Novice: 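Handing you this structure, nothing more for now.
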Amino acid sequence: MSRSYDIVLLGASGFTGALTAEYLAKNAPAGLRWAVAGRNKQKLERFGKDVLYADVTDPASLRELAESTKVVATTVGPYIQHGEPLVAACAEAGTDYLDLTGEPEFLDRMYVRYHERATQTGARIIHACGFDSIPYDLGVQYTVEQLPENVPIQVDGLLRAGGRPSGGTFHTAITAFSRPKQNLEAHRARRTAEPRPEGRKARAVAGRIHRRQGFWAVPLPTIDPQIVGYSARLLDRYGPDFRYGHYAALRRLPTVAAGVGGMGLLIAGAQIPPVRKALLNRLQPGDGPSAEQRARSWFNVRFIGRGGGKQVITEVAGRDPGYDETAKMLGESALCLALDDLPRTAGQTTTAAAMGAALRERLVKAGMTFATLDVDYY
């Protein structure tokens, strides 16, 4: 089917969306047909690209958007509130879809409702294409590929990072924390609908606080283990019995106690409407760190992989995790889907399963690092 555009970016008037539009403007190859979309055309004209009208409350506009392009990338969250109509439109039109969600409930509900239709039309529905969850999804894949085949594999990821959230990211997190019952219902529905690989196991493990690599390893309750586990179920290369543990790496025990306590208070506060409202008023969507603050931000994730008598330690690292690198990751994911020769996939999938080494190569060229630090045998 002929499409007018290769890529359309929805949400470029927001903080992360604007960074993604700027990244594409600087890095898209000559001849790439791309556009921005949103409700307010005047706000979007500054990017110097075609501007399409699209409103997440207007399904007809989203259908027209999906039918006009090969790939849609959206930064409009919280996705549980604003994301479903666009997923539906892309699944129906056979259009590839990318987002930045960190919301497990949204991921699970979209699988149950649209995976089958997207598989029929050839649409690739790929969630979590930013700091959630590309460093972990591609980092674990990179680690697994250096271990023997057809053996049980255990990988643990240890995250260290420095930075601050934007208003949009903060609102998304509080929204997710406020919906524990809905999250559980969506997870159970997904487990009922999703087939499990035959003769293989692939799962994320909760883990516990422990010492590792000179740090306190603290389990992280994020979407990333879910994404890694889904990739492991899709790809036989992860072996007959794959397990992944996901942790923050902290140097000092008081920092561990403060972090665990603060997260508990935040989750509890999100359940109480007046407290939740007060929290949401602290940061507004569109607010975000300055260029100077982002320049001081960084992240690295160290992976320890073991299997078949071999241990490898790898690292994925980059600069500002939440915004500059997230814009880079979303932009390169869109370019990869639009331009690269990739494995044939459809339906709800992951960056590792759909793009894998091709996206990893793009990110390395764009300045992120994937490195092997140590190889040992036991």
Side-chain angles (χ1 to χ4, degrees), residues 79-80 83 87 90-91 96-119 123-145 152-157 176 183-207 219-246 301 303 305 316 329-330 333 336-337 342-357 359-360:
Y79 291 91
I80 198 65
V87 175
C90 288
D96 294 335
Y97 166 97
L98 304 168
D99 67 28
L100 297 174
T101 189
E103 304 155 75
E105 180 190 352
F106 179 70
L107 192 84
D108 290 339
R109 292 196 187 284
M110 295 307 96
Y111 182 93
V112 171
R113 294 171 183 171
Y114 303 107
H115 171 72
E116 183 176 354
R117 183 56 178 157
T119 301
R124 292 170 287 193
I125 308 298
I126 308 178
H127 304 287
C129 296
F131 186 58
D132 287 326
S133 297
I134 283 179
Y136 321 101
D137 197 24
L138 296 189
V140 169
Q141 184 182 42
Y142 173 75
T143 305
V144 165
E145 288 173 353
I153 289 174
Q154 166 78 42
V155 180
D156 291 324
N183 270 285
L184 181 59
E185 290 172 350
H187 176 68
R188 288 173 173 169
R190 166 78 175 269
R191 284 186 63 86
T192 299
E194 182 185 350
R196 297 282 150 167
E198 292 186 11
R200 298 175 54 234
K201 296 179 182 178
R203 60 199 184 278
V205 294
L220 273 175
T222 62
I223 198 173
D224 310 303
Q226 181 177 345
I227 297 290
V228 170
Y230 189 27
S231 290
R233 293 193 294 276
L234 292 172
L235 298 169
D236 290 344
R237 181 61 179 85
Y238 286 63
D241 188 355
F242 174 83
R243 293 178 295 163
Y244 176 65
H246 189 57
V301 193
F303 298 98
V316 178
M329 287 184 265
L330 182 61
S333 295
C336 190
L337 283 183
L342 299 172
R344 187 175 181 85
T345 54
Q348 190 185 106
T349 182
T350 64
T351 55
M355 294 178 272
L359 180 56
R360 190 166 71 224

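These figures come from a predicted structure and were not determined experimentally.
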Novice: Specify the closest pair of heavy atoms between Leu234 and Ala353, including all atoms of both residues, with the distance to one decimal.
Specialist: CD1-CB, 3.8 Å
Novice: Just to verify, what does Asn183 make a side-chain hydrogen bond (donor to acceptor under 3.5 Å, both in side chains) with, not counting sequence neighbours?
Specialist: none
Novice: Would you please test Ile134 and Leu359 for side-chain contact (heavy atoms from CB on, under 4.5 Å) and show each step?
Specialist: CA-CA 10 Å; Ile134 283 179; Leu359 180 56; 4.1 Å; yes
Novice: Tell me every residue that passes side-chain hydrogen bond (donor to acceptor under 3.5 Å, both in side chains) with Tyr142, counting only those two or more places apart in sequence or in another chain.
Specialist: Thr372
Novice: Do the side chain of Glu145 and the main chain of Arg237 share a donor and acceptor less than 3.5 angstrom apart?
Specialist: no
Novice: Just to verify, what does Pro221 make a side-chain contact (heavy atoms from CB on, under 4.5 Å) with, not counting sequence neighbours?
Specialist: none
Novice: Which pair of non-hydrogen atoms, one from Ile125 and one from Cys90, has the smallest distance, and what is that distance?
Specialist: CD1-CB, 4.4 Å
Novice: Just do the side-chain contact (heavy atoms from CB on, under 4.5 Å) check on Val316 and Leu138 with the steps written out, would you?
Specialist: CA-CA 9 Å; Val316 178; Leu138 296 189; over 6 Å; no
Novice: Verify side-chain contact (heavy atoms from CB on, under 4.5 Å) between Thr351 and Met329, making sure each step is shown before the conclusion.
Specialist: CA-CA 10 Å; Thr351 55; Met329 287 184 265; over 6 Å; no
Novice: State which residues pass side-chain hydrogen bond (donor to acceptor under 3.5 Å, both in side chains) with Tyr238; sequence neighbours excluded, sorted by chain then number.
Specialist: none
Novice: Apply ring-ring contact (aromatic ring centres under 6.0 Å, His included) to Phe131 and list each qualifying residue two or more places apart in sequence or on a separate chain.
Specialist: Tyr136, Phe299
Novice: Please enumerate all residues that pass side-chain hydrogen bond (donor to acceptor under 3.5 Å, both in side chains) together with Tyr97, with sequence neighbours excluded.
Specialist: Asp99
Novice: Give the C-alpha distance, both sets of side-chain angles, the deciding distance and a yes or no for side-chain contact (heavy atoms from CB on, under 4.5 Å) between Arg360 and Gln141.
Specialist: CA-CA 10 Å; Arg360 190 166 71 224; Gln141 184 182 42; 4.1 Å; yes
Novice: Could you list the residues that satisfy salt bridge (Lys or Arg N to Asp or Glu O under 4.0 Å) with Asp137, not counting sequence neighbours?
Specialist: none
Novice: Using side-chain heavy atoms (C-beta onward) and a distance below 4.5 Å, is Thr350 in contact with Leu235?
Specialist: no
Novice: Within this structure, what is the CG-OG1 distance for the pair Asp96 and Thr345, rounded to the nearest 0.5 Å?
Specialist: 8.0 Å
Novice: Looking at residues at least two apart in the chain, or sitting in another chain, which of them share a ring-ring contact (aromatic ring centres under 6.0 Å, His included) with Tyr244?
Specialist: His246
Novice: What is the minimum heavy-atom distance between Gln226 and Pro104, and which atoms define it?
Specialist: OE1-CB, 3.3 Å
Novice: Within a reach of under 6.0 Å around CZ of Arg188, are more than 12 heavy atoms found that belong to other residues, nucleotides or ligands?
Specialist: no
Novice: Looking only at heavy atoms, what is the nearest atom pair of Phe303 and Gly139, with distance?
Specialist: CE1-CA, 3.7 Å
Novice: Could you pull out all residues at least two apart from Phe106 that satisfy ring-ring contact (aromatic ring centres under 6.0 Å, His included)?
Specialist: Tyr79, His127
Novice: Please answer whether the main-chain N or O of Val112 pairs with a side-chain N or O of Arg190 as donor and acceptor at a distance below 3.5 Å.
Specialist: no
Novice: Residues in side-chain contact (heavy atoms from CB on, under 4.5 Å) with Leu342, at least two apart?
Specialist: Arg124, Cys336, Leu337, Asp340, Met355, Ala358
Novice: Taking side-chain contact (heavy atoms from CB on, under 4.5 Å) as the definition, give me every residue that meets it alongside Thr119, ordered by chain and number, with sequence neighbours left out.
Specialist: His115
Novice: Measure across Asp132 and Gly102 and return the closest heavy-atom pair with its distance rounded to 0.1 Å.
Specialist: OD2-CA, 4.1 Å
Novice: Just wondering, are more than 12 heavy atoms of other shown residues or ligands nearer than 6.0 Å to CD in Glu116?
Specialist: no
Novice: Any side-chain heavy-atom pair from Val155 and Phe242 closer than 4.5 angstrom?
Specialist: yes
Novice: Treating Arg117 as the side-chain partner and Ala123 as the backbone partner, does any N or O pair qualify as donor plus acceptor under 3.5 Å?
Specialist: no
Novice: With sequence neighbours left out, write down each residue that passes side-chain contact (heavy atoms from CB on, under 4.5 Å) with Arg196, or none if nothing qualifies.
Specialist: Arg191, Glu194, Arg233
Novice: Show the nearest heavy-atom pair for residues Pro343 and Ala354, with the distance to one decimal.
Specialist: CD-O, 3.5 Å
Novice: Using atom types as modelled and distance alone, determine if a side-chain donor or acceptor of Arg109 lies under 3.5 Å from a backbone N or O of Ile80.
Specialist: no
